[in-house]
Amino acid sequence: MTAPVFVVDRLDAVGPEFVLDGAEGRHAVSVKRLRAGENVVLTDGCGRWTEGVVKAAEGKDRLVITDLEPAHEEPSESPRITVVQALPKGDRGELAVETMTEVGVDAIVPWAASRCITQWKGERGLKALGKWRATAREAGKQSRRVRFAEVADAATTKQVAALLAEADFAAVLHESGDEPLATVDLPTTGEIVLVVGPEGGVSPEELALFEQSGARPFRLGRTVLRTSTAGTAAAALLLGRTGRWS
């Protein structure tokens with residue numbers, strides 16, 4: 001899918017001809033500079049999408065689209081890949097969400113690990129979560145996805161442990177792992193959950209709880225990656241090994 005992607009709230013409200021306006025229309029007309037005859041994709045970000053042809057660009061924020069096809073439904077990927085991402089410092093969280101979305105991660109769970117310097121509390125936490133979700137949306141559009149990465153509410157360590165217990169394969173990126181992630185047997189269906197710790201690492205108590213929940217520690221490679229890049233590198237490895245990149 002190479003046509004530019006734009007988000008509409010209700011795809012069932014799109015008829016044979018549709019006017020894309022507001023922020024999405026402004027981006028299409030003033031930033032993308034789309035013109036008559038170009039193809040575009042409209043999606044709800046949850047797997048439903050349709051493709052049409054630009055009829056006209058009006059003003060600075062209205063794109064008239066025609067020849068829209070009936071809505072398609074893209075099936076969920078399998079195995080589903082969820083990354084539990086410890087909260088990084090500064091804007092590295094958005095970087096992690098952006099690149100994980102671009103490579104194809106299905107869900108991202110922000111995790112308030114004990115060694116995280118950043119803590120999401122009150123209004124500040126809601127604002128940070130909103131930034132992660134907005135980043136996933138924009139990265140989904142940029143990478144031509146029609147099913148964007150889901151960004152869950154921030155999870156506690158106990159909530160992460162419960163998520164790991166339900167997974168078909170659960171792993172923690174940790175230097176104590178005896179086996180590299182590149183050689184472990186992986187399921188071809190179901191749910192894979194990967195835990196990425198903070199810059200200070202996963203604590204012994206957290207690691208023990210996760211192991212009790214069925215998650216084993218694995219090494220990614222010889223080098224130590226930052227928390228904002230480790231999830232993307234590991235997800236790319238899993239996507240290739242499970243056949244999702246074939």
Side-chain angles (χ1 to χ4, degrees), residues 1-25 27-28 32 34 38-54 63 65-85 94 96-110 129-155 163 166-169 186-194 231-232 234-246:
M1 185 180 299
T2 57
V5 173
F6 299 95
V7 179
V8 294
D9 293 331
R10 291 185 57 199
L11 204 60
D12 57 355
V14 175
E17 185 169 293
F18 180 75
V19 175
L20 184 70
D21 53 13
E24 292 290 276
H27 186 73
K32 290 290 189 181
L34 296 178
E38 297 187 74
N39 292 339
V40 295
V41 169
L42 303 179
T43 181
D44 61 2
C46 299
R48 299 189 74 232
W49 64 279
T50 182
E51 188 168 11
V53 180
V54 175
L63 197 72
I65 305 167
T66 190
D67 295 335
L68 284 160
E69 304 172 352
H72 307 279
E73 181 77 31
E74 182 176 277
S76 300
E77 296 280 5
S78 186
R80 177 179 166 90
I81 297 177
T82 296
V83 176
V84 177
Q85 173 66 59
E94 287 99 281
V97 171
E98 179 180 51
T99 53
M100 285 192 287
T101 299
E102 288 175 357
V103 299
V105 167
D106 300 292
I108 301 166
V109 180
L129 178 60
K131 286 184 177 180
W132 280 35
R133 286 175 172 164
T135 298
R137 171 185 166 121
E138 293 307 310
K141 290 162 56 179
Q142 174 65 35
S143 54
R144 306 293 198 265
R145 290 179 63 168
V146 295
R147 188 180 293 276
F148 301 162
E150 301 169 15
V151 178
D153 292 338
L163 181 66
E166 296 176 353
D168 296 280
F169 174 81
L186 297 171
T188 56
T189 59
E191 181 94 20
I192 294 175
V193 180
L194 177 70
T232 301
L237 175 65
L238 294 174
L239 287 160
R241 295 199 57 229
T242 56
R244 283 184 48 177
W245 270 11
S246 61

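Numbers for residues simply follow the sequence, beginning at 1.
We find the CZ-SG distance between R147 and C46 to be 7.5 Å, quoted to the nearest 0.5 Å. Taking OG of S246 as the reference point, atom CZ of R241 lies at 13.5 Å (rounded to 0.5 Å).
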Worksheet item: Under the side-chain contact (heavy atoms from CB on, under 4.5 Å) criterion, do V103 and W245 qualify, and how do the steps go?
Response: CA-CA 9 Å; V103 299; W245 270 11; 3.9 Å; yes
Fill in: Check against side-chain contact (heavy atoms from CB on, under 4.5 Å), L194 and T82
CA-CA 6 Å; L194 177 70; T82 296; over 6 Å; no
Worksheet entry | R244 vs D106, salt bridge (Lys or Arg N to Asp or Glu O under 4.0 Å): CA-CA, chis, key distance, verdict | CA-CA 12 Å; R244 283 184 48 177; D106 300 292; 2.6 Å; yes
Practice prompt. Give the C-alpha distance, both sets of side-chain angles, the deciding distance and a yes or no for salt bridge (Lys or Arg N to Asp or Glu O under 4.0 Å) between E77 and R145.
Written response: CA-CA 12 Å; E77 296 280 5; R145 290 179 63 168; over 6 Å; no
Practice prompt. For L42 and F18, run side-chain contact (heavy atoms from CB on, under 4.5 Å): C-alpha distance rounded to whole Å, both residues' side-chain angles, the deciding distance at 0.1 Å, then the answer.
Written response: CA-CA 10 Å; L42 303 179; F18 180 75; 3.7 Å; yes
Worksheet entry | side-chain contact (heavy atoms from CB on, under 4.5 Å) assessment of T101 paired with T135 | CA-CA 9 Å; T101 299; T135 298; over 6 Å; no
Worksheet item: Could you walk me through whether E94 and R133 pass the salt bridge (Lys or Arg N to Asp or Glu O under 4.0 Å) check?
Response: CA-CA 9 Å; E94 287 99 281; R133 286 175 172 164; over 6 Å; no
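At least one side-chain heavy atom of E98 sits under 4.5 Å from a side-chain heavy atom of E102. Contact check for I65 versus V53: no side-chain heavy atoms found under the 4.5 Å cut-off. Contact of the F6 side chain with the L34 side chain is registered, since non-hydrogen atoms from C-beta on lie closer than 4.5 Å. Side-chain contact check for V84 versus V193: some heavy-atom pair is nearer than 4.5 Å. P16 places none of its side-chain heavy atoms less than 4.5 Å from the side chain of L68. Considering only heavy atoms from C-beta on, I192 comes within 4.5 Å of P187 through its side chain. At least one side-chain heavy atom of V54 sits less than 4.5 Å from a side-chain heavy atom of L63.
Across all their heavy atoms, V105 and A235 have their closest contact at CG2-CB, 3.4 Å. Summarising the geometry of E51 relative to A3, their closest heavy-atom pair is OE2-CB, 3.9 Å, with the distance given to 0.1 Å. The minimum heavy-atom distance linking T189 with S78 is given by the pair CA-OG, 3.3 Å. Of all heavy-atom pairs spanning D153 and P110, the tightest one is O-CD, 3.8 Å. Looking at every heavy atom in both residues, R80 comes nearest to A107 through NH2-CB, 3.4 Å. Between I108 and W132, the shortest heavy-atom distance links the atoms CG2-CZ3, 4.1 Å.
Heavy-atom contacts from other residues, nucleotides or ligands closer than 6.0 Å to CD of E17 number more than 12.
When atom types are taken as modelled, the side chain of D168 and the backbone of E191 share a donor-acceptor pair closer than 3.5 angstrom. A distance-only check finds no donor-acceptor pair linking the side chain of R137 to the backbone of F148 [under 3.5 Å].
Looking at K32 and E24, no side-chain N of the basic residue comes within less than 4.0 Å of a carboxylate O on the acidic one, giving no salt bridge.
With sequence neighbours left out, D44 forms a side chain to side chain donor-acceptor pair (under 3.5 Å) with no residue at all. Residues passing the side chain to side chain contact (heavy atoms under 4.5 Å, CB included) test with A71 are L11, R48, sequence neighbours excluded.
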